[in-house]
Structure formats: C-alpha cells, structure tokens
Engineer: 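First, the structure itself, so that you have it in front of you.
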Amino acid sequence: MSLIDKIAAAGVVGAGGAGFPSHVKYNCEAEYLIINGAECEPLLRSDKFLMSHFPAEIVEGVKMVAESIGVDKTVFALKRKYENEYACLKRVVEDKGYNIEFFLMDSFYPAGDEHTMVLDITGRVVPEMGIPLEVGCVVTNIGTIYNSYRADQDKPVIDKYVSVLAEVNEPRIVKVPIGTPVRECINAAGGSTLNEFAVILGGPMMGDNLVEDEDIDNAVITKTDGSIIILPKDQFVIERNQQSMEHIKNKAKAACIQCTLCTEYCPRYLNGHGLEPHRIMRALAYEEVDSAEIFESAQLCCLCGICELYACPMALSPRLVNEYYIEKIDEKYESSKTEYEPHPMREYRKIPTDRQIARLDLSKYNHQELYNSVELEVNEVIIPLSQHIGAPAELAVSEGQKIKRGDLIGRAKENALSVNIHASISGTVKKADNTKVIIRSAEVVL
Ligand code: SF4
Ligand code: SF4
C-alpha cells in the first residue's frame, strides 16, 4: 500500500486547522514541503510537546511525505525561541543525514498562517482565493506529520494531545482518545479555578468560544482540537466574541473613524491581496450589504482576528463582520488579480506575540508552568462522523456491536472528499446515527 493509501486508511486530516483530508492534500506534485511548527496562536503548547517528545517520528514522517510528493526542498519552520524543539529535531535530521532545512522565525502573529509562511520562506505570494500549491508549496503541520508517520505503521488517528491551560489548577498536556468530553479534559487538569468559566477550543484569536454550560457539556475532542483554554466569562476575548451583528453594525455606524489601521495591519493586505477591512466597515455603516466590498472582503479574509483584537482603536470587529457574511454568501468570488506586490512595510507590521498576548489581557497565562502530561482513560466517547472538511464518513457500525480500539466506525464516503473514522476506545456501540457514534468502554459495569 502506498503512503497516501495508508494515510487515507488511517483517517489523517490537518490536525491544526479545519481538517482538510491529508491523503488529498499530499497527493500532488510540489517544489516545497513546509512543516509548520510555529504554533502561532497565543498560549498553545501541543505542537511544542510533540516536537520535543517525538522528534524521531516527526522527522521520519516528514521524510516519507516529502518523498511521496517528490519535493525539491523540505523546510521545518519554527520560531527562533523554540530552542529545545529545534535542538531535538535538528539532532535527528543530522543523525539521519536527511536533506531537511530549518527556517527560524521571530515570534509574531500570525507566523503560522499558510500564506504568510509561504511568502516568508519562498518570497512567493499565494494568490487571492488560492492555496499554497498554486505557488508550488505544500504546508502541513506538526500533528498531521506525526499522524502520517503513525499511518505508515498502520495506526489510525484515535488519540489527541491537548493543552489544557489558563484557569485550571494543573495546566498540562493531556493525551485523550478522540471523542473525549471537554469536561473530562478539564478535570484531568485539576479542574477549573473558577466556578463559572468559558472555554476556548483552539487559540484565543481563532478558536471556538463556548460560554453556555450546555455547550461545554456537549463539546468533545476531535481530530482538529489541540487546545482548551479556560477563562472567566467576562474576559476580554470571550466578551468580544459574544457581540451580536446588530450591535456590531450600530457600533460601526457610530464609532468607525475610518482610520484604516485594521487594513494597515491585515496580513492578507500586507501580502498584496485586495482585502481592506476598513472598507467593509464603511459599507456596513452605510447599510450597503450587497456591496462588492462585503462580497470580496468576506471571502479574502482568513479570520486571523488582528483587525479586531489588535488593530482597531475603537474596539470594532471587521473579522466578525467577515465571518458573518462568509456564511451568507453562496457565490464564490473569482479574483482576476494576477500581479501581487507585498506591502513595503510588511516586515515592520508583524505583531510580536507577547504584545498580542498583552492586548488580549492574557499575559498572566503566558509561560504557565506545566504539570506532567497525563494519558486519560475514559468510559465513554462521542465520536462525530464529520471532523473534517468535506462529506461526513458513512456509519460502519450498529448499536450494540462490540468493537475494539482502532476499528473502523465511519467509512469515508466514496467518490467524495471524506475520511475514515475509527473507534478510540474498546467497548460497545451505545448509540450510532449518521452524525456520531457513542462507545461505552468494555470496562464499565453498570
Ligand atoms: S481600525 Fe476600527 S475605526 Fe479604524 S477603520 Fe478599522 S474598523 Fe474603523
Ligand atoms: S481577520 Fe481582519 S486582519 Fe485578519 S485577514 Fe481578516 S480582515 Fe484581515
């Protein structure tokens, strides 16, 4: 079986983003393979953990994927300050004599944005509405490579290393079976220090905010979740994400001074794209909801959050406006732009991570001391059949069926962008439908 077939069989998806199926992403020809080890969202630690604990597996995975794609250059992109992780990976690369380069970056946000990384490493601008492959690059993240290595050993994606941070008694990395309830992860980190709290699944800039207890109760770890951040419900980031569109509109009308700072700091604008968030705010203020500004801006935006969580002096939210309209627009913007010129001030407008963390009022959680990592055993998992971009997997088990950890429970939909899903614990299928499979451990005696 080829590596691509093994990756497909194991159900590997992009571990740090929206979950694009890796067997499709890697099934191409490209000049560069770039391994994104920036982990650029503030506070996150899971990729660092993987790099320092599994450098041999990661380097071997990189070599396999690079050979499969047939690239000319393979580049690890890490932050310069990740000295330990760099040393761990470099030692393996040198011992093996592999032709893998290192690109060491300053610590800024969004260093891990694919477009930003491709431009920094190759000098090439990924076109508007485009992907890195259009300029000869495949960008993949550390967790995805680690899972690809394991796929080559015929091991499916069934566990996840998750950072559980901020308002918990014992911040740590927790290894959990996929489908583990978020509440159990928080308990594994000693529980929250707060009676009432909100959860960010992912990073504070782009992660999903869970504020209602019911939403936290229903949340489970999927193949793309690497971090749980516990914060007070009135914390700056949580409150900013709770605004209604009506409130955002009214604020845009009343307070947008058209200073253009949101545009001046926008990484896509700085890369040379035609995205100018101050224009979407102007269109919104004048109720021009069918305007070209809104149609284009929403689709060119990567939702990095810099405009609203860093740049805007009036606490306005161009990112949330873009996000709102992305869901409403069903026609794809066809960009006709062919020439791209990065902004001459681009280098000087990269936002230092520590300054970004201070702006988010998260400095007290920066560099939290981590307790020892733990491996969590759970009695029940709820495994969604859609944890990826594309069609959900098709149910491959029935209620009452006994299954073993690693068994196929959801089969990738044929002739569609889809991935396999596997059982993350052994036990009995308690419930199964077209959206999820609930497995109860064989160990549980009722
Ligand atoms: S930074 Fe804020 S005030 Fe300035 S143009 Fe953008 S949205 Fe308006
Ligand atoms: S979220 Fe704001 S800063 Fe980020 S790409 Fe979109 S418009 Fe630009």
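Counting convention: from 1, in listed order, for ligands and their atoms alike. Treat the numbers as computed from the prediction; the structure is a model and nothing was measured.
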Engineer: For Gly272, does its backbone N or O pair with a side-chain atom of Lys337 as donor and acceptor, under 3.5 Å?
Structural biologist: yes
Engineer: Any salt bridge between Asp120 and Arg346, counting N to O under 4.0 Å?
Structural biologist: yes
Engineer: Given side chains that start at C-beta, do those of Phe197 and Leu231 come closer than 4.5 Å, heavy atoms only?
Structural biologist: no
Engineer: Short list, please: which atoms of ligand 2 are under 4.0 Å from a heavy atom of Leu275?
Structural biologist: 5 (S), 7 (S), 8 (Fe)
Engineer: Select one of side chain, backbone, both or neither to describe which atoms of Pro267 lie under 4.0 Å from any atom of ligand 2, heavy atoms only.
Structural biologist: side chain
Engineer: Should Pro313 be listed as contacting ligand 1, given a heavy-atom distance under 4.0 Å as the test?
Structural biologist: yes
Engineer: Can a side-chain donor-acceptor contact be found between Glu167 and Ser192 if the only test is distance below 3.5 angstrom?
Structural biologist: no
Engineer: Do you know the tightest heavy-atom contact between Ala166 and Ile229?
Structural biologist: CB-CG2, 3.8 Å
Engineer: Does Arg279 pair with Glu276 as a salt bridge, N-O distance under 4.0 Å?
Structural biologist: yes
Engineer: Quick one: which ligand 2 atoms are inside 4.0 Å of a heavy atom on Cys266?
Structural biologist: 3 (S), 5 (S), 8 (Fe)
Engineer: Heavy-atom distances under 4.0 Å are what count here, so tell me which part of Leu303 touches ligand 2: side chain, backbone, both or neither.
Structural biologist: backbone
Engineer: Regarding Glu128 and Ser335, do their side chains bring together a donor and an acceptor under 3.5 Å, going by distance alone?
Structural biologist: yes
Engineer: Return the orientation label for the Phe49 and Phe54 ring planes: parallel under 30°, perpendicular over 60°, tilted otherwise.
Structural biologist: perpendicular
Engineer: Does Pro352 reach the side chain of Ser107, with side-chain heavy atoms less than 4.5 Å apart?
Structural biologist: no
Engineer: Using a strict threshold of under 4.0 Å (side-chain N to carboxylate O), is an ion pair present between Lys79 and Asp106?
Structural biologist: no
Engineer: Which residues and atoms, protein N, O or S only, are under 2.8 Å from atom 8 (Fe) of ligand 1?
Structural biologist: Cys256 SG
Engineer: Which residue supplies the protein heavy atom nearest to atom 4 (Fe) of ligand 2, what is that atom called, and how far is it?
Structural biologist: Cys304 SG, 2.4 Å
Engineer: Under 4.0 Å from a heavy atom of Arg319: which atoms of ligand 2 are those, numbered in the order shown and with their elements?
Structural biologist: 1 (S)
Engineer: Any atoms of ligand 2 less than 4.0 Å from a non-hydrogen atom of Pro277? List them with their elements.
Structural biologist: 7 (S)
